[in-house]
Undergrad: 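Got a structure for you, questions after.
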Amino acid sequence: MVPFVDLTLTNAPLQGEIKTAIAEIVDRGDFIMGQAVTSFETAFAKACNVPYALGVACGTDAIALGLRACGVGPGDEVILPANTFIATLIGIERSGAKPILVDCDRHTALIDLDAAAAAVTARTKAIVPVHLYGQMVSPSALREFSATHNVLVFEDAAQALMAEREGYRAGSVGVAAAFSFYPSKNLGAFGDGGLVVTQDEAVAQKLRSLRNYGAPKKYVHADKGTNSRLDSIQAAILNVKLPHLQGWNRDRNQAAQLYDRLLDSIPGIDPIRNDSGEGHVYHLYVVRVEGDRDALQQKLGDRGISTGIHYPIPCHLQPGYRDLGYPEGAFPQSETLCETILSLPMYPGITEAQVRATCEAIAS
Ligand SMILES: *Cc1c(COP(=O)(O)O)cnc(C)c1O
């Protein structure tokens with residue numbers, strides 16, 4: 001039996017420490033914006049090589065409020081890839097900006113920056129590259145894109161906690177970036193959680209206000225804000241887990257290297273290309289399947305090997321988003337990917353035997 005993810009392997013050994021950290025909050029009673037939030041924000045900013053980190057309620061809010069804090073809003077256009085988790089699109093729409101979808105690169109599944117360049121208009125205010133599956137979009141290419149087209153880069157780093165490429169950490173490339181601590185992300189809370197990092201003090205100040213009823217000072221509401229905060233209890237859990245993240249990411253990368261080696265000899269199975277070596281944090285290990293993908297998934301399931309599809313429908317073809325006006329065929333690479341990809345079991349603590357068993361089952 002190989003599960004798709006196994007969160008108990010990382011959570012169980014830390015249970016004692018986590019219980020103590022939660023008990024401290026219960027004793028202090030600082031449930032909202034308490035000490036644990038401040039200390040986690042400080043530690044996380046340091047881990048990303050950026051000066052400011054601000055906790056919010058979830059990754060979707062991190063995108064919506066983060067973009068607003070950067071000055072993005074109604075009348076602006078924001079470019080994103082068509083093959084991402086829907087939260088990227090939801091966050092952009094909630095900022096008030098108009099989402100402009102573009103296709104992805106067929107080898108890496110990352111946003112196609114040539115397609116993005118072609119989509120730039122006078123209204124384009126920002127691009128939201130998604131560091132999909134745990135691999136960063138090239139920082140040098142993003143910075144060049146930003147300078148050439150005079151648009152902000154706001155990274156969706158929800159799947160790429162502490163990923164690296166070209167000497168950059170995820171979150172340190174653009175003006176700001178969004179992270180998610182959904183339980184199955186590389187650093188998972190015991191519920192929802194999210195965070196924005198930024199290099200810009202003014203953006204940090206604005207976000208501090210927006211997440212807290214738009215009040216830079218108590219009962220003075222300078223902005224139309226909301227209530228979106230990282231709970232102290234979630235922050236305390238994340239504080240215990242953060243020091244382990246790099247080790248867990250290394251585990252994922254090693255399992256991926258073993259997959260790469262074992263799958264190399266299996267015809268018709270083509271892993272999504274890794275252009276960032278050890279810096280890829282493999283939130284997901286994804287392959288393209290030639291032939292009947294759904295039958296392969298079914299047969300693996302029959303043998304006790306759980307897999308996933310991330311994601312089966314591109315954003316522009318989602319029933320709730322047909323009003324964006326993109327027809328079928330608008331983004332051929334994204335559409336082909338959705339029909340052919342399969343995510344294999346991947347989590348820190350997956351054993352060599354489990355990776356081998358998965359590959360042997362695929363081969364047979
Ligand atoms: C998980 C995820 C989000 C949103 O995070 P939530 O915390 O679930 O709101 C955004 N973008 C991507 C690419 C994600 O994978």
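Both ligands and their constituent atoms are indexed starting at 1 by order of listing.
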Undergrad: Can you see whether D200 engages T198 through a side-chain donor-acceptor pair at a distance of less than 3.5 angstrom?
TA: no
Undergrad: Can L132 be reached from I79 by stepping across I, L, V, M, F, W or Y side chains whose heavy atoms are under 4.5 Å apart?
TA: yes
Undergrad: Using a strict cut-off of 4.0 Å, indicate which atoms of ligand 1 neighbour a heavy atom of C58.
TA: 7 (O), 9 (O)
Undergrad: Can you tell me which residue and heavy atom of the protein come closest to atom 9 (O) of ligand 1, and the distance to 0.1 Å?
TA: T60 OG1, 2.6 Å
Undergrad: What class does the angle between the rings of F40 and F44 fall in, given that below 30° is parallel, 30 to 60° is tilted and above 60° is perpendicular?
TA: tilted
Undergrad: May I ask you to identify the nearest protein heavy atom to atom 2 (C) of ligand 1, giving residue, atom name and distance to one decimal place in Å?
TA: K185 NZ, 2.7 Å
Undergrad: As a check for students: among S184, S180, A57, identify the option with a heavy atom nearest to atom 5 (O) of ligand 1.
TA: S180
Undergrad: Which residue supplies the protein heavy atom nearest to atom 15 (O) of ligand 1, what is that atom called, and how far is it?
TA: Q159 NE2, 2.9 Å
Undergrad: Out of all atoms in ligand 1, which are within 4.0 Å of some heavy atom of A87? Include the element for each.
TA: 3 (C), 4 (C), 10 (C)
Undergrad: Between H131 and E155, is there a side-chain donor-acceptor contact under 3.5 Å, judged purely by atom types and distance?
TA: yes
Undergrad: Cut-off 3.5 Å, side chains only: do N186 and N249 have a donor facing an acceptor?
TA: yes
Undergrad: Please list the nearest protein heavy atom to atom 13 (C) of ligand 1 with its residue and the distance rounded to 0.1 Å.
TA: D156 OD2, 3.5 Å
Undergrad: Identify whether the distance between the nearest side-chain nitrogen and carboxylate oxygen of D61 and R211 falls below 4.0 Å.
TA: no
